[in-house]
Number of protein chains: 4
Amino acid sequence: MRGLNKVMLIGNLGKDPEEQTLEGGITVAKFSLATTESYKDDKGETHSLTEWHSIVAWRSLADLAGKYLKKGSTIYLEGKIKTRSYEDKEGNKKYVTEIIAESFIMLDKPADKAEINASF
Amino acid sequence: MRGLNKVMLIGNLGKDPEEQTLEGGITVAKFSLATTESYKDDKGETHSLTEWHSIVAWRSLADLAGKYLKKGSTIYLEGKIKTRSYEDKEGNKKYVTEIIAESFIMLDKPADKAEINASF
Amino acid sequence: MRGLNKVMLIGNLGKDPEEQTLEGGITVAKFSLATTESYKDDKGETHSLTEWHSIVAWRSLADLAGKYLKKGSTIYLEGKIKTRSYEDKEGNKKYVTEIIAESFIMLDKPADKAEINASF
Amino acid sequence: MRGLNKVMLIGNLGKDPEEQTLEGGITVAKFSLATTESYKDDKGETHSLTEWHSIVAWRSLADLAGKYLKKGSTIYLEGKIKTRSYEDKEGNKKYVTEIIAESFIMLDKPADKAEINASF
DNA sequence: TTTT
DNA sequence: TTTT
């Protein structure tokens, strides 16, 4: 409660989304999204800095991602931050921070397919 | 370029901010922020789910965080996501995702101190 | 398509929400929300500037606004901008810009009532 | 204080920006931005609904708008809502709600010119 | 580790 | 018309 956890990104997919169907028939799609920022250093030279985000889409939004998004697609994505832990093969506890997608807009696609909202 | 990387959170600090002064006199403040979400399960029962975010504030924003924020403070925070890697003591590569603060608003403090923007 | 129209406000209600039930049983709640910004002038003196927003909530969100929000309540509100035109008594065309509420969070209320999302 | 007044839009310019230089050498650029939303009606048919926003950019951001934005340009724009009143020729008080631009990203332009932030 |  |  009293909580807001919102992420807004505009960037490009690094690869095609990977879709999976879990037991129970629920689908998940995962992809990475690059957001690039440009800044000037002390000498006034422009540099660019890319940040990669791990995106996870569930259910119908996963289907839409799998169907319409490709490597290189430019999208606006809205979602929330979630950190989960797991154990790697050596038994070390690891943490991953992912963005759970809530909706996205395709910025380089035909307009009739452009706006997509999560059903969840 | 073409990039947007924006995070908006409303939540509470888990602890007082930890301030550090780096070589060169630059200050950093770090703290964790809890955002709590409530949802209903299949049976209609309400549950709450807390997500912890690692926040990093630089320079003058670090000073303001150190000066005004305390364990338990409720804030609205705007920033961007940044994942950095480091090697732990055993030489394993690890990743941490942090929110670089850009501004915050205190939601439970006297109004004359409430709105604070990063100078960076 | 390709469209994003999003407003995020943190402020206080100027009055209790006004509820109305339209033909067909649809409920609407209207209220004004003040967002106050502070800035420094050329001489370094701090001023504050208040902006008033006309908020419109529909259906179940209207019910929740009517039930929980009062004059003075502090809320985070998310919605979209909509400008509509009408004719005044003298037949002049007039325009009003309103924020159609999509969700709100109460920032000064008991937590179990704090987070409220539009069903629409 | 305690205030947040933030607007985020993705849309297209209806016309080229109109630039003006005020006394004192301050520049302003004005343009309208269309955000289009698609929705399904009761019968499942898709409709689209366009909302027009009046955008005002000041100083260096006005210069950038005048230089890089054209009729039809697709942009992401961030700003705040401001309603001002004036008297028309007949002496009637009128209100206009405008979006004061704070930054924009060009979504259909060469990447090296894409990200632009207000200096104000 | 927070808050209600 | 709010809030601090």
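Naming: A, B, ... by sequence-line order, numbering from 1 per chain. On a predicted model such as this, the values are computed, not experimentally measured, just so you know.
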query = Can you check the B:Asp108 CG to E:dT2 P distance for me, whole Å?
reply = 15 Å

Base of E:dT1 paired with side chain of B:Ser32 (donor-acceptor, under 3.5 Å) = yes

message = Output the rounded distance in Å from CD (B:Glu51) to C1' (E:dT2).
response = 13 Å

Main-chain N/O of B:Ala34 paired to B:Asn12 side chain as donor or acceptor, under 3.5 Å = no

task = Ignoring the backbone of C:Lys15, work out which of F:dT1, E:dT2, F:dT2 is nearest its side chain.
result = F:dT1

ask   = Is D:Glu78 reaching over with its side chain to a backbone N or O of D:Lys6, donor-acceptor style, under 3.5 angstrom?
value = no

note = Regarding the side chain of B:Thr50, the nearest nucleotide among E:dT2, E:dT1, F:dT1 is E:dT2

key: Distance, rounded to the nearest Å, where C:Met106 contributes CE and E:dT4 contributes P   = 15 Å

task = May I have the distance from B:Lys71 (atom NZ) to E:dT4 (atom P), rounded to whole angstrom?
result = 13 Å

ask   = Taking atom P of F:dT2 as reference, at what distance in whole Å does atom CG of C:Leu49 sit?
value = 16 Å

remark   = Whole-Å distance, C:Leu13 CG to F:dT2 P, equals 11 Å

query = Just by distance, do the side chain of B:Thr27 and the backbone of B:Arg59 share a donor-acceptor pair under 3.5 Å?
reply = yes

message = Whole angstroms only, please: what is the CG-P distance between B:Asn12 and E:dT3?
response = 6 Å

ask   = Do the side chain of A:Asn5 and the main chain of A:Lys80 share a donor and acceptor less than 3.5 angstrom apart?
value = no

ask   = C:Tyr76 OH to F:dT2 C1': how many Å, rounded?
value = 20 Å

